Structure formats: structure tokens, C-alpha cells
There are 2 protein chains.
Amino acid sequence: MLQVTARTKEEAEMCPVRQVLSQVMGKWQMLIVLSLEDGALRFGALKRVMGDITQRVLMENLRKMERDGHLTCTVDPGPPVAVSYALTPLGREPLVHLKALTLWAAGRHAAVTGNRSRYDAP
Amino acid sequence: MLQVTARTKEEAEMCPVRQVLSQVMGKWQMLIVLSLEDGALRFGALKRVMGDITQRVLMENLRKMERDGHLTCTVDPGPPVAVSYALTPLGREPLVHLKALTLWAAGRHAAVTGNRSRYDAP
DNA sequence: CAGTATCCTTTACGATACTG
DNA sequence: CAGTATCGTAAAGGATACTG
């Protein structure tokens with residue numbers, strides 16, 4: 001398998017795979033990627049679509065992903081200003097895998113719920 | 001797209017997709033799944049393979065994944081005791097997608113590093 | 001509307017010591 | 001060797017208020 005393990009924390013932070021993955025696999029990043037699949041969204045719309053995320057946290061994640069080149073930020077000076085975020089080609093690449101995982105998770109929810117009950121019950 | 005968004009925190013916690021995904025997409029869970037791909041490992045060996053994880057955190061994650069049915073825990077009473085962990089068929093299912101993501105991340109490391117420098121520089 | 005700043009809580013994690 | 005318990009720290013996140 002690929003090298004994703006490390007012996008120290010410093011080594012882990014330098015792991016190339018982890019560095020790239022962390023920008024799309026996190027709880028919020030993944031939701032952002034999926035939310036932008038069908039096209040650009042303005043900040044407010046994106047926040048509304050995601051629902052349970054605060055403005056501050058959404059901004060943080062958007063900036064990190066912009067920095068890594070996963071999405072672009074386009075400003076239309078208004079007034080009022082309109083800022084929209086869109087996935088770059090690079091940002092679209094993991095989409096297929098993330099969707100596959102999401103689909104798998106959806107299909108396995110019943111099984112997992114059953115396993116949890118069985119584990120907790122006795 | 002599938003429904004992975006939520007309007008409240010409670011709604012998010014009940015999201016079937018998020019519930020299942022959280023057991024394999026977390027930083028540690030993903031490393032555990034990948035580490036067990038080639039077969040069962042004893043606790044100590046698994047800890048050594050992963051390197052930068054503490055005993056406590058590894059135990060926590062193993063228990064959560066065992067609860068969800070992603071892996072089994074087999075005890076061979078010694079002495080000394082030997083406890084080995086192995087993926088279940090359910091636990092193997094996400095492997096293909098996780099490996100695809102890992103492979104993608106490895107291939108894009110250079111691009112992302114470049115993007116970061118460009119973003120930070122000016 | 002988009003963005004920043006501040007404060008506070010919670011969660012994840014690390015380190016270490018102890019037990020069968 | 002595997003597992004538990006305790007304590008402390010650091011990171012993530014939530015709430016809210018304020019600005020152009």
C-alpha cells in the first residue's frame with residue numbers, strides 16, 4: 001500500500017498523501033465539494049445549502065481549499081458585492097470518489113445501525 | 001446529489017450518510033482500514049505500523065469501528081494474550097474508494113504544493 | 001452580502017501511570 | 001501484551017457583534 005503512516009507527528013505533517021487528502025476529506029471540506037458539484041454558489045447560498053455551519057468555519061475552510069487550488073473565489077463588486085465560489089478542475093477530481101463513498105455509506109446505513117444496536121444491547 | 005446537508009446540528013447527527021462515513025473517513029479510521037488491508041494485525045503491531053498514534057486513541061477508534069461492524073476483535077488467551085483485529089467484509093467495502101482517493105492525493109501532491117506557494121507568496 | 005474579530009465551549013489528542 | 005484511568009493541552013467549532 002501507499003505510504004500513509006508515520007513514526008512521529010512531524011513526519012505525519014509532512015506526509016504528502018495526508019496533506020492533500022486533508023483538504024477534501026474533512027467533514028466540512030467534503031460537504032463543500034459536494035455542494036459545489038453542480039456549479040458555483042455565492043457565499044450566502046453555500047452557507048444556506050450546508051445548513052449547520054457557521055460563517056466563520058465556512059470561511060476558514062473555503063480559504064484553505066482556495067489556497068490549495070481546489071476552488072476559486074470570484075468577486076463581483078456590487079453594490080451589493082457578490083462573491084461566488086466554484087470548484088477548479090483539480091477540485092472536481094476527487095468528486096467521483098467522494099460520491100462513491102457517499103453512495104456506499106447511504107446504502108450501508110441500515111446494516112451499520114443494526115450492528116450498533118447488537119453491539120450496545122448485550 | 002445525495003442528501004448530506006442539514007439545517008441543525010441535531011439533524012446533522014442523524015444524517016445516515018454522515019453516520020456511516022464518519023467511521024471510515026476520519027484521519028485515524030482511514031489509516032486503520034488501510035493498515036488492515038492485507039490481513040489481521042495484533043494491537044501492538046497495528047500501533048507500530050501506524051506510528052504516530054497513542055494507545056488510547058487507537059483503542060477508541062478500534063472500538064468505534066468494531067461497534068459499527070467494520071472490524072472484528074479476536075482474543076487468543078495466552079498467556080500471553082494475543083488480540084488481533086481484522087476487517088470484516090463490510091469494513092473492506094470502502095477500501096477501494098479510500099485507496100483511489102489516496103492514490104489521487106499522492107499524484108496531486110506536487111500540484112497542491114505549487115498552489116500553496118503561489119497563494120502564499122504574493 | 002461578504003468578511004473579520006472576539007470569546008467561549010467542546011472535542012480530540014498526547015503523555016503517563018497502573019493492572020491482569 | 002492488551003487494556004483502563006487520569007490529567008493536561010491544543011485544535012475545532014459555535015455564538016455573537018461589528019464593518020465596508
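Note on naming: letters A, B, ... go to the chains in the order of the sequence lines (proteins, then strands), and numbering restarts at 1 for each one. Bear in mind the structure is a predicted one, so any value in this text is a computation, not a measurement.
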* **Nearest-Å distance for atom pair CG/P, residues B:Leu58 and C:dA12** => 16 Å

* Decide, yes or no, whether a salt bridge links B:Lys47 with B:Asp52 under the criterion of side-chain N to carboxylate O below 4.0 Å. => no

* To do: Check whether any side-chain heavy atom of A:Thr113 lies under 4.5 Å from a side-chain heavy atom of A:Arg116, and answer yes or no.
  => no

* Asked: Starting at CD of A:Glu60 and ending at P of D:dA15, how long is that distance when rounded to a whole Å?
  -> 15 Å

* N or O in side chain of A:Trp28 less than 4.0 angstrom from D:dA12 OP1/OP2 -> no

* Starting at CG of A:Asn61 and ending at C1' of D:dG14, how long is that distance when rounded to a whole Å? -> 14 Å

* To do: Tell me, please, which residues at least two apart from A:Arg92 pass salt bridge (Lys or Arg N to Asp or Glu O under 4.0 Å).
  => none

* Structure fact -> Its contact letters, B for base, S for sugar-phosphate only and - for none at protein heavy atoms under 4.0 Å, make nucleotides 2-8 of chain C read BBBBB--

* Asked: If only atom types and distance count, is the side chain of B:Thr88 paired as donor or acceptor with the main-chain N or O of B:Gly69 below 3.5 Å?
  -> yes

* If we ignore angles and hydrogens, is there a donor and acceptor under 3.5 Å between the side chains of A:His70 and A:Gln23? -> no

* Could you give the CD1-to-P distance, from A:Ile53 to D:dG13, as a whole number of Å? -> 8 Å

* Gap between atoms NZ and C1', on B:Lys27 and D:dA12 respectively (whole Å) -> 13 Å

* Passes salt bridge (Lys or Arg N to Asp or Glu O under 4.0 Å), A:Lys64 versus A:Glu60? Steps please. -> CA-CA 6 Å; A:Lys64 276 197 264 181; A:Glu60 277 178 11; 5.7 Å; no

* A:Val24 vs A:Ile32 side-chain heavy atoms within contact, under 4.5 Å -> no

* Without swapping roles, check the side chain of B:Gln19 against the backbone of A:His109 for a donor-acceptor pair under 3.5 Å. => no

* Asked: Pairs counted as Watson-Crick or G-U wobble with both distances under 3.5 Å: what dot-bracket string results for DNA chain D, using | for bases tied to another strand?
  -> ||||||||||||||||||||

